[in-house]
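Take a look at the structure below.
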Amino acid sequence: MKLNRKTLLLSLLLCLWLSASAHAMEHDMLKVGIKYGSDAMFSANLQNFDGAGRGYDFGYFDARRQFVPLGAGTDENKISVTVDTHVYISGSVYYQSAVNYSEYIGAYHLQLAGSYDEYGDAAAVAAEYDGGFVAYCTDRYVVRVGQYRTSEGVARALEAWTGAEASAVSPSRTGVMVTVTGTDRILFYFDCGGLRSLGISPRSVSGEKPATWFRGYRYYGGFEYQRVTGGNMSVVNVVSIEDYVKGSVGWEIGNDKPLEAIKAQAVCARTYAAMQTRHRSQGFDVCTTVDCQVYQGLASANELTDRAVDETAGVYMYYNGKYAEAYYYSSNGGATEDAKNVWNDEVGYLRGKSDPYEAHVASRIPGYHWSAVFTGGELAAKLRARGIDVGTVRNVYVSEFTPTGNVYSLTFVGTSGSKTVYRESCRTLLGLRSMRFTVGTDAPSYSVNDGKTAVSGIRGAYLISGTGEVSAYDGGAEDVYVITSGGTAKPESAASGADAGRFTFTGSGWGHNVGMSQWGATAMAELGYGYRDILEFYFTGVTIQ
Ligand SMILES: [Zn+2]
């Protein structure tokens, strides 16, 4: 979802800034985590048959993320990378347990004695045996033969073996194998004890850049299959940062926006990606969700987004010689905000200012003007969910605005105390779209307890006095009695009722208001500004180069 940028904790922000490099990226390849954690895969299918690609090379990505090929690769266009274990295949789907399968890959093999420096030497030996294949195990090539279901099975095969000296091998916690999709044909096996991961690079034909299908999306670049500690594999797209940005900008700002706005977004996306370290312990730089930036290969890319990325290739945003954290959001409702007033972080280039541009496109911004209504009881529940108890909320008001007119603090007055929340909490506590709002309060009402548990509001009621006079109920409670189904009762004040009135929050904008407004950028582009103008407006004092 491109509308609402995530919120970041203070500690994370500090961590990011401390680690921000003072120079351009040390390498121009990015690792994007596609499947990892609970989404890690038992088996991953790749397809590479439309247009520019044909076949794959196998190898690994070195410390500089350059692809190092191992062996001869394959001309096959549909391959699968699978965890080293028993594999049951039905069609092109791979299972760990026996299902209604048509193909099976055994987890035990014979391994011939000796190892080879050169793939070709191992491959020549493997070719001499039916079911022979080459395995790359910690910097050496070895030859394996056959597939067996059990350790007993491979032991019997070894006894009957009449070929060169051999031993039996069991499945490895860190091994992965490449097969022709839907078959038991093993093309390559890789196991470096988790110290290195199998890399696969699609081949190109006719010099065009190949794009590989994986799980319904096409990706530029190669893939890495990380199986470091056993279990399933993490799948990582290893892609040039420019191709990554091409895949992200369309999701983040829309691939139908004006060119200069997309270019501004491209610089933000590139800079953001270049400085990320938060996923490093997971083996990659950025994930594919709003946690980082949305990325699904080429799905949102088109000629316009490609052009925007190409025309800003290699351009990053800096502040005092370091990457500037390029925050953005959908719209700000009229003014950006200091990071200090949102996240309590003083950041030189994240300064609040009035935004005269959004107004030009406000009518086209979905949900730009919004309102939300809460009862006092609902507000009390929201507070309690954060561990704050002020009793039933009788009043809520903005206790301080920032100099640009955004909400800085919000005070809740309840039956057993009051509480003021500050900065971003004013928005997130209530799930409001932006921090640019006002609060309208209905006059506090009186409620009557009907003797059970329900409480009925009587706001707007008319009173009949003892002498028959009719008058509008003005909220006073001293001489008022209410007749209920259970008899006559004294109305209780809001103080002890459940419904203490309704509060209407009316605002504009959607997002956290720190950094660039994507709709403001759109408006600026339509007014003829270039991407540098856009970035320099939203990020105070940055250098774009
Ligand atoms: Zn992430």
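The analysis underlying the following values was restricted to heavy atoms, covering all of them including side chains, and did not include hydrogens, waters or symmetry mates. Every number for a ligand or one of its atoms is a count from 1 in the order of the listing. All values derive from a computational prediction rather than experimental measurement. If you read the sequence from its start, that first residue is 1, and numbering goes on from there.
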task = Step through the shown structure and confirm whether more than 12 heavy atoms of other residues, nucleotides or ligands are within 6.0 Å of NZ on K353.
result = yes
inquiry  = Check for me whether K257 meets the cation-pi criterion with W519, that is, NZ or CZ under 6.0 Å from the six-membered ring centre and within 45 degrees of the ring axis.
reply    = yes
message = Between Y318 and Y323 (judged by ring centroids, cut-off 6.0 Å), do the two rings come close enough to count as a pair?
response = yes
query = Under 6.0 Å between the ring centres of Y94 and F42?
reply = no
message = Could you identify the N, O or S atom of H279 positioned closest to the Zn ion (ligand 1)?
response = NE2
task = Looking only at N, O or S atoms, find the one in D291 nearest to the Zn ion (ligand 1) and name it.
result = OD2
ask   = At the Zn ion (ligand 1), what's the angle from C287 SG to C292 SG, rounded to 10 degrees?
value = 110°
